[in-house]
Amino acid sequence: MRTRLHVNGEAREVEHEPQETLLSLLRYRLGLTGSKEGCGEGECGACTVFVDGAPVVSCLVLAAQCEGAQVTTIEGLGRGHPDGLHPVQRAFIETGAVQCGFCIPGIIMAAADAIEREPDADRESLRRLVAGNLCRCTGYTKILDAIELARARARSGGPPCSTK
Amino acid sequence: MSQRTLELGFSGHSEERRVEVPPDAPPPWDLRSDLKVAGKPHPRLEARLKVTGAARYTADQRLPGMIFAGAVRSPHAHARVRRLDLSRAKKLPGVLYSEAYPQREVRYAGQAVAALAAESEQVLDDALALVEVDYEVLPHVVRTEDALAEDAPAVAGRRNVRQGRGMRRGSLRRVEEAHARADVVLTREYRTQVQTHTCLEPHGSVARWEGDRLTVWASTQATFAFRQTLARALGISAAQVEVITEHMGGGFGSKFGADAWDVFAARAARATGRPCFFMLDRRAEHLVAGNRPDSIQRCTFSVRRDGKLLGAQVTSHGTAGLGRGAGVLNPAIYAFEATYSDQYDVLTHAGSARAFRAPRHPQGVFALEGMLDELAEAIGMDPLELRRKNDPHPVRQAQYDVGAEAIGWSRRKPSGSSPGPLKRGLGVAAARWAHNARPGTAVRCRIGRDGSVLVANGSQDIGTGTRTILAQIVAEELGLPLAAVEVRLGRTRDPYGHGSGGSVTAPSIAPPARRAAYACRQRLLAAVAAALGCEAESLSLREGRVHGAERELSFAAACGLLPTESIEATATGGPEDMSYPSFTREVAGVQFAEVEVDAELGTVRVVKVVAVQDCGLVANPLLARSQINGGVLQGISYALHEERILDARTGDMLNANLLDYKILGAREVPEIVAIPFSVANGRTSTGMSSLGEPPTVPTAGAVANAVANAIGARVRSLPITPEKVLAAIAEAERTRRASDGEKKKKKKKRIF
């Protein structure tokens, strides 16, 4: 079957199997392999992308459900930002929030959404907002530090975090 | 040989030592070394690739014509395969290759009975469902204590209980003599659970043949061992195989070689002439890709009233499934007068264990540190004081002070005295590890006439930051900024490197990297000296420039003077780099935990962990903190949540996913104060110590001790679930009432 959608601002028309997931469409059909498959069951969050501005675990969304949708993946998150890096991405680099990095694309998507949706969230609330994403390496400490750093910069007149 | 005097040790505790430095090697770094790039907190080199999704992991390979593979796995823990029929599956259009494994019996749930490769993942799923297997279910045993029973089904051979070489240590007679001299002798049983590695990136590989040459992209923590095991399984020479691991999503000990699925992918690719992709799903990850064995540890420890530890005796039983290696590291760390340990593997119908971050250590230290606290309680001594009295390691003695200050140990109240339903407690535990710098890693350094610097090694960056550390070492030696050095890792055509196990990688790769850069530096300066007509000894290389007595020039201009297109040196870590006398014999660490226990619900919240960890000379504080944070995370997760649950009735795993197999998430992670503790041990030319594993060793012990301090009752079994907390509180309550009753009776007797 065929689905038409926008991925990272580009109009795409993709031929795929009826039972194929959005994650599979992104990774196999479009070669956008930044979104990872850690479990395929919606539990680890490594495949998080935005569909029409809302974060979803793309392994649980059928590609066919995305007809006409605006999809943003980790590859498109930094579009329009200085040096192609969203403030959250930049903060993850600087604070050393990345280790093996497999969970990181999903966590960055969830974090970018969190600080835009709840810009005043305290650290405890931020924990809740990224609780759907599992990480096995980092201890989350620096991930939370990075999100707070990005948010503080956005507040103090830095580049806006909006991406959607 | 040249003589050097090094200042070794740590801040406030150092000594001078004379060493002989071989002629072609740089002198070891010590406390006086004024390092500019090494030891500094540089963000990891590949961070940008990882935050933008551009970093390519194994499953990200997209090769033209690629096919997909998967396995049919037994749902039974023990069964005879009466019939195995692939004919319907093979008839499905798009199924390209298959193998049947018609073994007589399957011996664990998850064991593969057949594997298929197909055009697409969708066809593969359909085809796997068409494989027909008729099982005759046989009696199984999946729990350690069930397998110990006289009438338990035999798993392999006649007896389920085995004792391997080296699993009985020490002297029982001497321990019994020590116990006889003690004021307090306690016998307790501690238990730990089976933990699965749960790497976010599953195991697997992508295989492609070109003629008789095989390229494999693999998620492995040992590219060279992977190449060797795969070549052997395929009956080809390792020289025909290239293994590529550019980035990998975690291993923790479970990814040391080519597995059955990797061999299948290579065979399917050879048979079909198309690249083949085989990654495990999450269920298979839990069932077949390794785990940390469980343990039942019966401990008898003794102490004198003044706090001198006397005897420690441990008998442990644990299961590594069908595999071996369920021993625990216990007793260790403290200076007992006598120790004796007697350890047994118990075979069960379950997937084999594999090395898991600090094998044997967290389980042993959990029991050891629990026993120490119980002894301290019995003699009325502060638990930290008991450790200080019996810990022979000079670094840990200093770390106790640092950690106690950071956690606020002076706030600690007597166990069980915290009022109200939310009870706070503090606990402490110690870590040990070996200085694992292994000879044999080779690093090539090349300086181009264009000023480029390339460092290459064929081993992998498991996520610890090897790439960045290599660049820092070479940049330091060449007096360059970090950005001037390019690093290539993860291709077996480059020089040999060890697997990332035993925390060997950074300590083993840094010395040869430094010596290769040192050799290039000497040759570059010789070329510059020849061009300028001066002595090479009068030149130095720092801040990106070559400095001479009369003039200086940029690094790039200096490279332009090279007589050849490039200069290159390969150094292999060996005696000239890594066998200096060491300041300490072991890597030391200490952790303190603060918890809050809801005594009505039984829930435990870890509030704060302070982790003071000996890093040798810190390679990069940013990366070092990450290692410590990650070790603590896995330790808390092990202490409170993780447990592989095998159903005694069916033998299958009840929680083979990421929802029911609970690992610590962002909501539960406490404040972690990671304190990299720098020690110039002088053992290698770069001074870095093993860091990957030790930070996860003491965490569960520290958390468990904090819980006991909070509630005044001890949970001697991991994970510390609400159910166990409530049971421990109730048990303590009963004991207290009974002893109160006794006291009252005695009082009455006296009155009358």
Side-chain angles (χ1 to χ4, degrees), chain A residues 17-20 24 27-28 31-44 46 73-78 84-86 88-90 92-105 107-108 124 126-144, chain B residues 41 43-44 46-57 59-62 120-122 125 197-202 247-252 279 281-282 285 461-465 622-623 625-634 637 657-659 663-669 671-672 674:
Chain A
E17 299 287 329
Q19 70 270 43
E20 214 168 308
S24 168
R27 287 178 53 82
Y28 298 104
L32 294 170
T33 54
S35 309
K36 305 299 182 203
E37 180 168 344
C39 67
E41 299 172 331
E43 290 156 5
C44 75
T73 71
I74 188 71
E75 289 91 346
L77 187 69
L85 289 176
H86 185 276
V88 172
Q89 290 172 311
R90 186 178 301 283
F92 267 62
I93 296 174
E94 291 171 12
T95 53
V98 181
Q99 279 180 239
C100 88
F102 198 80
C103 68
I104 291 298
I107 293 191
I108 288 179
E124 285 313 301
L126 284 177
R127 291 169 181 266
R128 179 175 46 78
L129 290 165
V130 296
N133 294 74
L134 294 176
C135 166
R136 191 63 160 160
C137 299
T138 65
Y140 302 100
T141 305
K142 290 194 203 168
I143 287 175
L144 294 166
Chain B
R44 67 179 61 226
E46 74 283 9
R48 188 187 169 106
L49 293 178
K50 286 179 171 175
V51 302
T52 56
R56 293 242 157 197
Y57 295 75
D60 299 337
Q61 296 309 317
R62 287 289 160 272
S120 70
E121 287 186 297
Q122 289 74 29
D125 287 346
H197 296 71
T198 316
C199 317
L200 259 282
E201 181 192 36
H247 301 283
M248 75 166 297
F252 310 115
M279 299 297 292
D281 61 20
R282 188 49 60 182
E285 281 292 307
D461 187 339
I462 192 175
T464 46
L622 208 54
L623 297 175
R625 282 201 184 87
S626 289
Q627 281 309 301
I628 298 169
N629 284 335
V632 170
L633 156 92
Q634 287 188 2
S637 201
N657 54 52
L658 291 178
L659 188 66
I663 65 171
L664 204 73
R667 267 182 304 185
E668 298 95 12
V669 76
E671 178 189 359
I672 301 173

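Proteins come first, then strands; the chains are lettered A, B, ... in the order of their sequence lines, and each starts at number 1. Please read all numbers here as calculations on a predicted model, not as lab measurements.
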Go through A:Phe102 and A:Cys135 one step at a time and tell me if the side-chain contact (heavy atoms from CB on, under 4.5 Å) criterion holds. CA-CA 8 Å; A:Phe102 198 80; A:Cys135 166; over 6 Å; no
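- When B:Gly630, B:Gly463, B:Ser626 are compared by the number of non-hydrogen pairs under 4.5 Å with chain A, B:Ser626 comes out ahead.
- Contact of B:Asn657 with chain A is made through backbone and side chain together, with heavy-atom distances under 4.5 Å.
- In terms of heavy-atom pairs under 4.5 Å with chain A, the best-connected choice from B:Thr198, B:Asp125, B:Leu623, B:Val632 is B:Thr198.
- No side-chain heavy atom of B:Pro202 sits under 4.5 Å from any side-chain heavy atom of B:Asp281.
- By number of non-hydrogen pairs under 4.5 angstrom with chain B, the leading residue of A:Gly38, A:Ala131, A:Ser24 is A:Gly38.
- Aromatic ring pairs are classed by plane angle as parallel below 30°, tilted from 30° to 60° and perpendicular above 60°; the pair B:His247 and B:Tyr57 is tilted.
- The CD1 atom of A:Ile107 sits 5.0 Å away from atom CG of A:Asn133, with the distance rounded to the nearest 0.5 Å.
- Across A:Glu75, A:Glu94, A:Arg90, A:Lys36, the residue that shares the most heavy-atom pairs under 4.5 angstrom with chain B is A:Lys36.
- Of the residues considered (B:Arg282, B:Glu46, B:Glu671), B:Arg282 shows the highest number of contacts with chain A, using heavy-atom pairs under 4.5 Å.
- With a 4.5 Å cut-off on non-hydrogen atoms, A:Glu17 touches chain B through its side chain but not through its backbone.
- A donor-acceptor pair under 3.5 Å is formed between the side chain of B:Lys50 and the backbone N or O of A:Cys100.
- With chain A as the partner, the residue from B:Arg625, B:Gln634, B:Glu285 showing the most heavy-atom pairs under 4.5 Å is B:Gln634.
- Going from atom OH of A:Tyr140 over to atom CD1 of B:Ile672 covers 10.5 Å, rounded to the nearest 0.5 Å.
- When A:Ile143, A:Leu32, A:Ile74, A:Ile108 are compared by the number of non-hydrogen pairs under 4.5 Å with chain B, A:Ile74 comes out ahead.
- Taking chain B as the reference chain and counting heavy-atom pairs below 4.5 Å, the highest number among A:Leu144, A:Val130, A:Thr141, A:Leu126 is found for A:Thr141.
- Heavy atoms closer than 4.5 Å to chain B are found in the side chain of A:Ile104, but not in its backbone.
- The part of B:Ile462 that comes within reach of chain A is its backbone (N, CA, C, O), which places non-hydrogen atoms under 4.5 angstrom from that chain.
- If you tally non-hydrogen atom pairs under 4.5 Å between each of B:Met279, B:Arg48, B:Met248 and chain A, the highest count goes to B:Arg48.
- Heavy atoms of A:Thr95 lying under 4.5 Å from chain B belong exclusively to its backbone.
- Under the 3.5 Å distance criterion, the side-chain polar atoms of A:Glu43 are matched with a main-chain donor or acceptor of B:Leu659.
- Under a 3.5 Å cut-off, the side chain of A:Arg136 and the backbone N or O of B:Cys199 do not form any donor-acceptor pair.
- Interface remark: A:Gln99 contributes backbone and side-chain atoms alike to the contact with chain B (heavy atom separation under 4.5 Å).
- No other option in A:Glu124, A:Lys142, A:Glu37, A:Glu41 has as many heavy-atom pairs under 4.5 Å with chain B as A:Lys142.
- Highest contact tally toward chain A, considering only B:Ala666, B:Gly53, B:Ala54, is held by B:Ala666 [criterion: heavy-atom pairs under 4.5 Å].
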Assess whether side-chain contact (heavy atoms from CB on, under 4.5 Å) is satisfied between B:Leu633 and A:Thr138, documenting all intermediate values. CA-CA 8 Å; B:Leu633 156 92; A:Thr138 65; 5.8 Å; no
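- Heavy atoms closer than 4.5 Å to chain B are found in both the backbone and the side chain of A:Ile93.
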